Amino acid sequence: MTASPKQTFNIISLDGAAATGKSSTAHAVAKSLNYLHVDTGAHYRIICYHLNQKSIQALENLELLTALDSFKIKTLLSENSVLFEINETQVEPDDLRSYTVNTLVSQFASLKPVRDFLLRYQRSLVDFAKMHNFKGMVVEGRDIGSIVFPNATLKVFLEADAKTRIARREKEGHMDVINKRDTIDATRKLSPLTCPKDALNINTSLRSLDEVVSIILKEIAQ
Ligand code: DC
């Protein structure tokens, strides 16, 4: 890991397309290091859920800005993971992974006001982590190593072949539109999904979760 000896707070970024294994890996690495786990995909999903509940379209207009302005945000801790809450409402996991959210989330995630809103929030989680005595965070998403935390201590980029990724989603029992989301996420103008130049690239297609986690832990230990 490229941490300087003086550095006391480590950030591990974990980026990759849908169903490459980010969540399980981030969760396991964070647990093993006792770091705060942050799933930024959940932030985009929660925003998308609330905007859709208000029948707001994925367009950059006054209605969207007003809705974002009205959101009261709370950050809670569930074991070592961040729970992001808007207007005191916990969204059920199945609602976050519903077909509706899966089809809309990338469209909302392409909008500047949504990204700016979450960028501020996500960066503020360093203080939240420190306040709760974590020595670091594992942050998963699409633009973590490139935009949110470009100075992350270790950057990891996960990949997997299309067949494996589709099979993983089917096993989870969620109807997803992986290819469509990946295309929008990778080609949008703002903060597109990209492998940072200095990232450790891991293909998870033929590797078990334990193998992927141990590659990352070994890198950190170096
Ligand atoms: O990780 P996920 O599949 O739950 O993410 C849902 C969507 O959120 C993803 O298709 C694109 C968006 N997203 C993003 O644009 N930037 C991030 N850092 C994380 C997620």
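Quick caveat, the model's predicted, so the values are computed rather than measured. Position 1 is the first residue of the sequence; numbering continues from there. Both ligands and their constituent atoms are indexed starting at 1 by order of listing.
N87 approaches S70 most closely through the heavy-atom pair OD1-O, 3.7 Å. Heavy atoms only, all atoms of each residue included: P150 and R123 are closest at CD-NH2, 4.5 Å. Here the closest heavy-atom approach between residue R165 and residue A19 is recorded as CG-O, 3.3 Å.
At a heavy-atom distance under 4.0 Å, only side-chain atoms of R181, from C-beta outward, approach ligand 1. At a 4.0 Å heavy-atom cut-off, ligand 1 does not touch Q107 at all. By the criterion of a heavy-atom distance under 4.0 Å, both the backbone and the side chain of D143 are placed next to ligand 1. When heavy-atom distances to ligand 1 are checked against a 4.0 Å cut-off, R115 comes that close only through its side chain, counted from C-beta outward. At a heavy-atom cutoff of 4.0 Å, ligand 1 is contacted by no atom of A18, backbone or side chain. At a heavy-atom cutoff of 4.0 Å, ligand 1 is contacted by the side chain of R45 but not by its backbone.
Salt bridge R169/D176: present, at least one basic N to carboxylate O contact under 4.0 Å.
Among the atoms of R169, none of the N or O lies under 3.5 angstrom from an N or O of ligand 1. Between Y44 and ligand 1, no N or O atom pair is found at a separation short of 3.5 Å. The distance criterion of under 3.5 Å between nitrogen or oxygen atoms is not met by D39 with respect to ligand 1.
Two rings, from F84 and Y121, have their centers less than 6.0 Å apart.
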Please determine whether side-chain hydrogen bond (donor to acceptor under 3.5 Å, both in side chains) holds for the pair N80 and Y35, giving the CA-CA distance in whole Å, both sets of side-chain angles, and the decisive distance to 0.1 Å. CA-CA 7 Å; N80 66 323; Y35 281 7; over 6 Å; no
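Between the NE2 atom in H27 and the CD atom in E140 there is a gap of 9.0 Å [rounded to 0.5 Å]. Rounding to the nearest 0.5 Å gives a distance of 7.5 Å between CG of D143 and CG of L119. Here L125 contributes atom CG and H43 contributes atom NE2; the two are 6.0 Å apart, rounded to the nearest 0.5 Å. The line from NZ of K135 to CG of L33 is 12.5 Å long, rounded to the nearest 0.5 Å.
Considering only non-hydrogen protein atoms, atom 12 (C) of ligand 1 sits nearest to A109 CB, 3.8 Å. What sits closest to atom 19 (C) of ligand 1 on the protein, heavy atoms only, is T40 OG1, 3.3 Å. The nearest protein atom to atom 1 (O) of ligand 1, hydrogens excluded, is given as R142 NH1, 2.9 Å; this is a heavy-atom distance. Looking only at protein heavy atoms, the nearest one to atom 10 (O) of ligand 1 is D185 OD2, 2.7 Å.
Counting the atoms of ligand 1 from 1 in the order shown, those under 4.0 Å from a heavy atom of S106 are 10 (O). Every atom of ligand 1 with a heavy atom of V105 under 4.0 Å away is listed here by number and element: 7 (C), 8 (O). Every atom of ligand 1 is numbered from 1 in the order shown, and the set under 4.0 Å from a heavy atom of G141 is 18 (N), 19 (C).
Closest to atom 5 (O) of ligand 1 by heavy atom, among G41, A19, G16, is G41.
Contact annotation: Q122 has no heavy atom less than 4.0 Å from any atom of ligand 1.
The environment of CD in E60 is crowded: more than 12 heavy-atom neighbours from other residues, nucleotides or ligands sit within 6.0 Å.
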